[in-house]
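Everything below concerns the one structure shown next.
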Amino acid sequence: MIPELGTYALALALCLSVLLAILPIVGAQIGNLLWISFSRPLATGVFAFTAISFVILTYAFLTNDFSVSYVANNSNTALPWFFRMSAVWGGHEGSLLLWVLTLAGWTVAVAWKSRDLPADILGRVLGVLGIVLTGFVSFVLFTSSPFERLLVNTPAQGADLNPLLQDIGLIIHPPMLYMGYVGFAVTFAFAIAALLSGRLDAAWARWSRPWTNIAWAFLTLGIALGSWWAYYELGWGGWWFWDPVENASLMPWLVGTALVHSLAVTEKRGVFKSWTVLLAIFAFSLSLLGTFLVRSGVLTSVHAFASDPERGFYLLMLLLITIGGSLLLYSIRASEVKSESSFSLVSRETLLLVNNVLLTVICFTVLLGTLYPLFVDAMGLGKLSVGPPYFNALTVPLGVLLMFFLGIGAVTRWRRQDLGSLLKQLIVPFIAAIVVGSIALTLRTEGGSVWTYVGVIAAFWLLFMALTDVADRVRRRSTSVWENLRKLPRSYYGMQLAHLGVAVLAVGIAMVSAFDEQRDLRMAPGDRQKVGNYTFIFEGAQKVQGPNFVSDKATLQVFYKGEPYLVMQPEKRLYTARGIVMTEAALDPGLFRDLYVALGEELEGGAWAIRLQFKPYVRWLWLGGLLMTFGGVLAATDPRYRKQARRDRQKLESANA
Amino acid sequence: MNPKRKKRLLIVLFILGGAGTAIGLTLYALSQNINLFYSPTQIAKGEAPLNTRIRAGGMVVDGSVVRDPDSLRVEFAVTDFENSVPIVYSGILPDLFREGQGIVAQGEMDAQGKLQAVEVLAKHDENYMPPEVAEALEKAGKMPKPEGQEFNK
């Protein structure tokens, strides 16, 4: 009975979404305030009913209700309760339900956080979100209902959650990623609402900025978590594979990053308006494309759970309608958009334009590499894959170029700056970066390519530019240093932190790519192997019984410069319910290096295939991601937005009075 | 030319130049990094080029896996039940590598007609079959019936 209530709640959510999609937009168009005023309660209702159906599904998992087909396929009584809970989004249907819940959550957040918005704008924004909600709630309800039953022969035991997904990483990675993906729907809704109302002004940019920043921060965190999870859970110590599914999340991130910057220009200077709208449309379209690629079964990977042509077709239609409809609206309305100011060639506007062009180009190359094999396959021209060298060859130089301009852009003035004065600002940090970067790298004896140097130098360049800029701002005022530091706006710190995150990420990528040491060995008990300053001695492996798996647990003694350092115990697990074998790597994490031991297969005479890895600076990858996330959150929560929104409202009210 | 137009022209030129270079580089890089898939039958017919990075795949032949006793070198054959290809690999095989399992290997064909693999892929799902392998098997008319406990609706 209870699972049927889940379907029922979802159906009610769909009805309310349809109303939300129609009433406020039509109301705003014909000026019917009553219809507009329905938007907030409707948004709340959609959220409430989606939440109810989500809770019901969670309840089915917690109580092991295997009469629900989705639960039977993705859970097992031997699974601990927290994995049973995260198994809710461990498969296609529940994962989409989480997607819908996230969207409804964003919608209700906009409804309740944007009281200072003019009623017609808020109505339109919520209405556009209602359209998207209608599309996706109906998708879940009609093609991917997680509540379908196996009433005739209810199995006594479930098929278990894919062991790869039985991990803390899975508990948090998808919700964070979805918060980001779906968060761009809010920016998209703001852009469409602005196009509909014809009011593409600084106020519009100011409204959508905090939402975009926060969505971007979540997406950053989601991607970083995904990379971290793949690193320790897939068992081979890789952190980015250029897998189409990873690319699917990277593309909206790249365009989203461009959007965050372009919105800043639109708000501060009133230029790039139509470009910003276009980016908002693309960021959300790429999020949808990502959902389509991952969910339709076009790609096969860890993430692709089901390949059902009907679902793929439905998603493709949603994608086409979104892109087609919004671009049509854009082409009708964009010509009316006028720039409110001008800028000279040497100005922050120009540099942010460069930033946008570079990010878009990177996104385009990733898109090409991701879709090309699908395209060739669809045309029947054969099966092929595009290798990581393609992506590396393009994104690395473009990324470095981006960092170079980032350093300049963050200190350049709006509107115009004298080229001479700018160069004077740049020269010292530039030389310092080259000197310090080179010295830092020559301390290492061997390895590394030109790109290692360039990457590390670029990171120092960002650091020095950030420091000189902060120093400049502090010196400009006469009060004490601490007083000045305290007075700098929160969004300024957000920007600097996020940019510092880029530098940290660059160091991580450069160092781990260049100085990573890896040995694949056949080790018999008693064998020893030196990697860097560490010596590993293999002592053999034993069988161990886990809750829902049996495991071969190896023991390795690790010596650092001849002294006993620690014991590492990598495992090879056999998950009995599905008969899946999994590598559980042993890790010794550190700020400057990780030790990573993974167990391959058993060979003759108690010997094992073992992979030993020394990964310098690998933690910096995710540390960089965290800094960016934190920066995004700081920028989004700047009190300025709230104050300005109140001022906008007062201005509007006095104009109406 | 007035400064405003000059600025616009510069920006347009910059974008065009950037886009042109980017597309050129992209297409070049793409053409250098495409790995075509060949089925065992195609390889047996000699369609696969020598000394070029390709992908090949099929089901691992039962009883074909031979390990070197002193290193991680392993030799096995994959088949589409029509023809089979010997593959040589040195390294750790993926968790789901098993006889009878569908895999994809990446590497180069040598003069002896063996695939010198640098990477062997098997996915984390016991019912999963690489799409290339599935298609190759279907073409050869040898698609095995899936077994295992998937609860279908």
Side-chain angles (χ1 to χ4, degrees), chain A residues 66 69 72-73 148 150 155 158-159 162-164 234-236 300-302 342-345 350 353-354 357-358 361 364-365 368-369 372-373 376-377 382-391 393-394 397-398 520-522 572 577-583 598 600-601 603-605 609-611, chain B residues 3-4 6-7 10-11 14-15 18-19 21-23 25-39 53-55 57 67-74 90-98 104 106 123-132 134-136 148-153:
Chain A
F66 296 132
S69 140
N73 275 320
E148 274 186 44
L150 296 161
N162 186 341
L164 262 182
L234 291 184
W236 303 117
T300 19
S301 78
V302 195
S342 63
F343 56 94
S344 78
L345 197 59
T350 309
L353 185 65
V354 172
V357 169
L358 284 172
V361 168
F364 175 74
T365 58
L368 190 72
Y372 185 69
V376 170
D377 190 20
K383 297 267 184 193
L384 54 84
S385 73
V386 176
Y390 160 78
F391 294 102
L394 289 165
L398 286 168
D520 286 2
L521 299 163
R522 177 187 192 279
K572 195 92 201 174
R578 287 194 176 196
I580 295 188
V581 181
M582 284 273 311
T583 304
E601 66 236 271
L603 308 171
E604 289 152 44
I610 292 180
R611 174 172 290 182
Chain B
K4 202 170 174 184
K6 196 171 153 193
K7 191 184 77 193
L10 273 171
I11 290 177
F14 175 80
I15 293 174
T21 323
I23 290 174
L25 280 174
T26 308
L27 291 180
Y28 176 74
L30 196 60
S31 67
Q32 295 296 304
N33 289 296
I34 284 173
N35 308 314
L36 280 165
F37 178 86
Y38 292 91
S39 72
R53 177 70 70 88
I54 61 162
R55 283 154 77 91
R67 285 179 194 286
D68 185 283
D70 302 317
S71 70
L72 290 177
R73 205 180 115 99
V74 56
S90 196
I92 296 181
L93 291 164
D95 288 340
L96 280 176
F97 180 91
R98 247 180 270 150
V104 169
Q106 224 172 123
K123 287 284 181 172
H124 282 274
D125 181 341
E126 75 275 28
N127 292 320
Y128 173 80
M129 186 179 290
E132 296 97 333
E135 201 181 282
Q149 43 157 201
E150 182 84 6
F151 300 117
N152 286 316
K153 286 163 214 152

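Chain naming here is simple, since letters A, B, ... match the order of the sequence lines and numbering starts at 1 in each.
- For B/Leu93, the parts lying near chain A are the backbone and the side chain together; criterion is any non-hydrogen pair under 4.5 Å.
- Only the backbone of A/Ser344 comes within less than 4.5 Å of a heavy atom of chain B; no side-chain atom from C-beta onward does.
- Of the inter-residue distances, the one linking A/Arg522 atom CZ with A/Glu604 atom CD reads 7.0 Å to the nearest 0.5 angstrom.
- For A/Leu603, the part lying under 4.5 angstrom from a heavy atom of chain B is the side chain only.
- Atom CG of A/Leu384 is separated from atom CZ of B/Arg55 by 9.0 Å, given to the nearest 0.5 angstrom.
- With rounding to the nearest 0.5 Å, the separation of OG in A/Ser385 from CG in B/Asn33 is 9.5 Å.
- Using a 4.5 Å cut-off between heavy atoms, A/Val386 touches chain B through backbone and side chain atoms alike.
- With rounding to the nearest 0.5 angstrom, the CD atom of A/Glu601 is 4.0 Å from the CZ atom of B/Arg67.
- Counting heavy-atom pairs closer than 4.5 Å to chain A, the top-ranked of the candidates B/Asp70, B/Leu27, B/Leu10 is B/Asp70.
- When heavy atoms are compared at a cutoff of 4.5 Å, A/Phe391 does not approach chain B at all.
- Heavy atoms of A/Leu358 lying under 4.5 Å from chain B are absent altogether.
- For B/Phe14, the part lying near chain A is the side chain, with the backbone staying farther off; criterion is any non-hydrogen pair under 4.5 Å.
- Considering CG of B/Leu36 and CZ of B/Arg53, their distance stands at 13.0 Å, rounded to 0.5 Å.
- For A/Leu398, no part sits under 4.5 Å from any heavy atom of chain B, backbone or side chain.
- The main-chain N or O of A/Thr583 is found under 3.5 Å from a side-chain atom of B/Asp95 such that the two form a donor-acceptor pair.
- Counting heavy-atom pairs closer than 4.5 Å to chain B, the top residue among A/Gly600, A/Ala393, A/Pro389, A/Ala609 is A/Pro389.
- Between A/Phe364 and A/Leu394, every side-chain heavy-atom pair lies at or beyond the 4.5 Å cut-off.
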